[in-house]
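Residue numbering restarts at 1 for every chain, and letters A, B, ... go by the order of the sequence lines.
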Amino acid sequence: TPEAVHAIVEGMKWLGLDHDEGPFYQTQRMGRYKEVIEQFLREGKAYHCYCSKEELDEMRAGQTARKEKPRYDGRCRHRTAPAPGVTPVVRFRNPDEGSVVVDDVVHGPITFDSGELDDLIIARSDGTPTYNFCVVVDDYDMQVTHVIRGDDHINNTPRQINMLRALGVEPPLYAHVPMILGPDGTKLSKRHGAVSVLQYRDDGFLPEGLLNYLGRLGWSYGDQEIFTLEEMTRLFDIHDVNKGASALNVDKMLWTNQQHMMRATPERLATYLQPQLAMLGIQTDDLAKLAAVAKAQQERAKTLKEMAGNSTFFFREVVAYDEKAAKKNLTAETAPLLKAARDRLAALESWVAPRLHETIQAVAAEAGAGLGKIAQPIRVAVSGGSVSPPIDVTLEILGRETTLQRLDRAIAHCG
RNA sequence: GCUCCCAUCGUCUAGAGGCCCAGGACACAGCCCUCUCAAGGCUGGUACGAGGGUUCGAAUCCCUCUGGGAGCGCCA
């Protein structure tokens, strides 16, 4: 569907995964597939099968009852005349002797007995080609050298190799990488929240954060955990990939993302923070302020979504104080401290973090108290809660006017 | 059921016969740092699925079992 195609293309674009050509659409290559089907038919490498759905079901039921692997028994292989009133499918004629060896890059040689391979349908009764056949024609036409895919495809590989050989070419190199399981070790499904890569973008992940986490699943480079895109592309080697499946771990995924957020430039974070804030109803084009906030918050959030959530007070009024924080910090006892701080701050000439820090420190010293005694009430006053970046940095970003205004309101609240 | 694949801490992994009474990371616990929260530092507990071999010596090689996964469509 167009939506599915869009999700793939957009997802890769967001991740920065580039491609040299294409994308190609199989729906636009129908003529070519039919051409190869005709060729196979002509060369006796494929044949028409007139078996009905019911007949096939019955055959499989019998095999299952006999504890055999359900598979097509080749009954139409030697049919000479068409069955009247039936539009046939086309089946590929698999060899019935010998074996096929898939020399897999990550698994090593895997042997399949030809007897295990039945004659798969390559064209439906309406003439349209099927997946396993189309990819073979594509790999052949496009001179694909490496096929890297999930190991759920291992069992398809011997048939594809047989079709490639029927085409007269040697198969490409296959590398079957392990699957990714859900956090509970079972197959990944929507149940686990895995919908599309774009979901991770919306959840506030950095492309390099997701890529790093995913890259370390089934692959490693010594004890290194954090890789830049450049390092990953340079250091990655398909031969180092593990065979076993791995389970998704949300905690580590978040940690990996945070590590990348800490390493990213504030300016870049700002461009991702902006849409996250927009989702919270905050519209701003002040890139300088966004970058300042990102810088102050970049090691305090595991995702950009979390960062946005923690940063709303920088962009809009504090509508209500956190109840517990206010009860503890905005009291009759702290009111004089806030007042003193407010007056000293108002007199400041230069509204920058070092000056702000000195000032608050001085107020605390005069009161014979530690910095925490005064910083925390100010924090609640300006942010509404008990958590924020360092108080001097927070006030600098907020600016003089907003800070004083919020302090006044907090002092009033102290009653 | 049949065929194929896989197997080191809860999770991601290092380990390609002695360097391993198994190392790193996430998570967890404690401590330090500290204006909050983080980040950072230090410390701690937890793993080679089982049983047989081979070898002077096995997490590493072989076999069996057990456990998990995938495939067996006129789906992709």
Using the [atom1] atom on both, measure [N] against [M] and round to a whole Å.
{"N": "B:U8", "M": "B:G15", "atom1": "P", "value": "14 Å"}
{"N": "B:A47", "M": "B:C62", "atom1": "P", "value": "26 Å"}
{"N": "B:G10", "M": "B:C48", "atom1": "P", "value": "9 Å"}
{"N": "B:C9", "M": "B:C65", "atom1": "P", "value": "23 Å"}
{"N": "B:G49", "M": "B:C74", "atom1": "C1'", "value": "43 Å"}

Nearest-neighbour nucleotide for the [X] side chain, [options] considered:
{"X": "A:W255", "options": "B:G71, B:U36, B:C26", "answer": "B:C26"}
{"X": "A:N132", "options": "B:G73, B:A76, B:C4", "answer": "B:A76"}
{"X": "A:V387", "options": "B:G71, B:C74, B:U36", "answer": "B:U36"}
{"X": "A:K302", "options": "B:G71, B:A27, B:G73", "answer": "B:A27"}

The criterion is ring pair (Phe, Tyr, Trp, His ring centres under 6.0 Å); which residues satisfy it with [X], sequence neighbours excluded?
{"X": "A:Y72", "answer": "none"}
{"X": "A:F205", "answer": "A:Y200"}
{"X": "A:F227", "answer": "A:W219"}

Answer with yes or no whether A:S388 presents, from its side chain, a donor or acceptor under 3.5 Å of a partner atom in the base of B:C37.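 No such pair is found, so the answer is no.
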Below 3.5 Å, does any donor atom in the side chain of A:R379 face an acceptor in the base of B:C35, or the other way round?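 Indeed, a donor on one side and an acceptor on the other fall under 3.5 Å apart.
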Which donor-acceptor pairs under 3.5 Å do the side chains of residues 384-392 of chain A make with protein atoms, sequence neighbours left out?
residue: A:S388; atom: OG; partner: A:R379; partner atom: NE; Å: 2.9
residue: A:S388; atom: OG; partner: A:T394; partner atom: OG1; Å: 3.4

Applying a 4.0 Å non-hydrogen cut-off, can you work out what [X] is touching in the nucleic acid: base, sugar-phosphate, or nothing?
{"X": "A:D113", "result": "nothing"}
{"X": "A:K67", "result": "sugar-phosphate"}
{"X": "A:D118", "result": "nothing"}

For A:I161, which of A:L117, A:N156, A:V100, A:V136 qualifies under side-chain contact (heavy atoms from CB on, under 4.5 Å)?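 Among A:L117, A:N156, A:V100, A:V136, the one meeting side-chain contact (heavy atoms from CB on, under 4.5 Å) with A:I161 is A:V100.
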Just to be sure I understand the geometry, which residues of residues 257-271 of chain A put a non-hydrogen atom under 4.0 Å away from RNA chain B?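 Those residues are A:Q258, A:Q259, A:M262.
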Who is the Watson-Crick or G-U wobble partner of [N], with both distances under 3.5 Å?
{"N": "B:C61", "value": "B:G53"}
{"N": "B:A25", "value": "B:U11"}
{"N": "B:C33", "value": "none"}
{"N": "B:G1", "value": "B:C72"}

Which residue lies more 5' along RNA chain B, comparing A:V106 with A:Y131 via nearest heavy atoms: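 Residue closer to the 5' terminus by nearest nucleotide: A:V106.
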Please figure out whether A:T186 or A:T87 has its closest RNA chain B nucleotide nearer the 5' end.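 Going by which nucleotide is closer to the 5' end, it is A:T186.
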Nearest-Å distance for atom pair [atom1]/[atom2], residues [X] and [N]:
{"X": "A:D151", "N": "B:G68", "atom1": "CG", "atom2": "P", "value": "17 Å"}
{"X": "A:I226", "N": "B:G40", "atom1": "CD1", "atom2": "C1'", "value": "15 Å"}
{"X": "A:L254", "N": "B:A25", "atom1": "CG", "atom2": "P", "value": "19 Å"}

Encode nucleotides 9-24 of chain B as B, S and - characters from 5' to 3', where the letter depends on protein heavy atoms closer than 4.0 Å: B to the base, S only to sugar-phosphate, - to neither. --SBSS--------BB
Counting N and O atoms only, with roles assigned by atom type, does the side chain of A:R400 sit under 3.5 Å from a partner on the main chain of A:A346, one being a donor and the other an acceptor?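 Yes, because the side chain of A:R400 sits within donor-acceptor range (under 3.5 Å) of the backbone of A:A346.
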Measure the acute angle between the ring planes of A:F92 and A:F40, then classify it against the limits of 30° and 60° as parallel, tilted or perpendicular.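 Geometry flag for A:F40 against A:F92: tilted rings.
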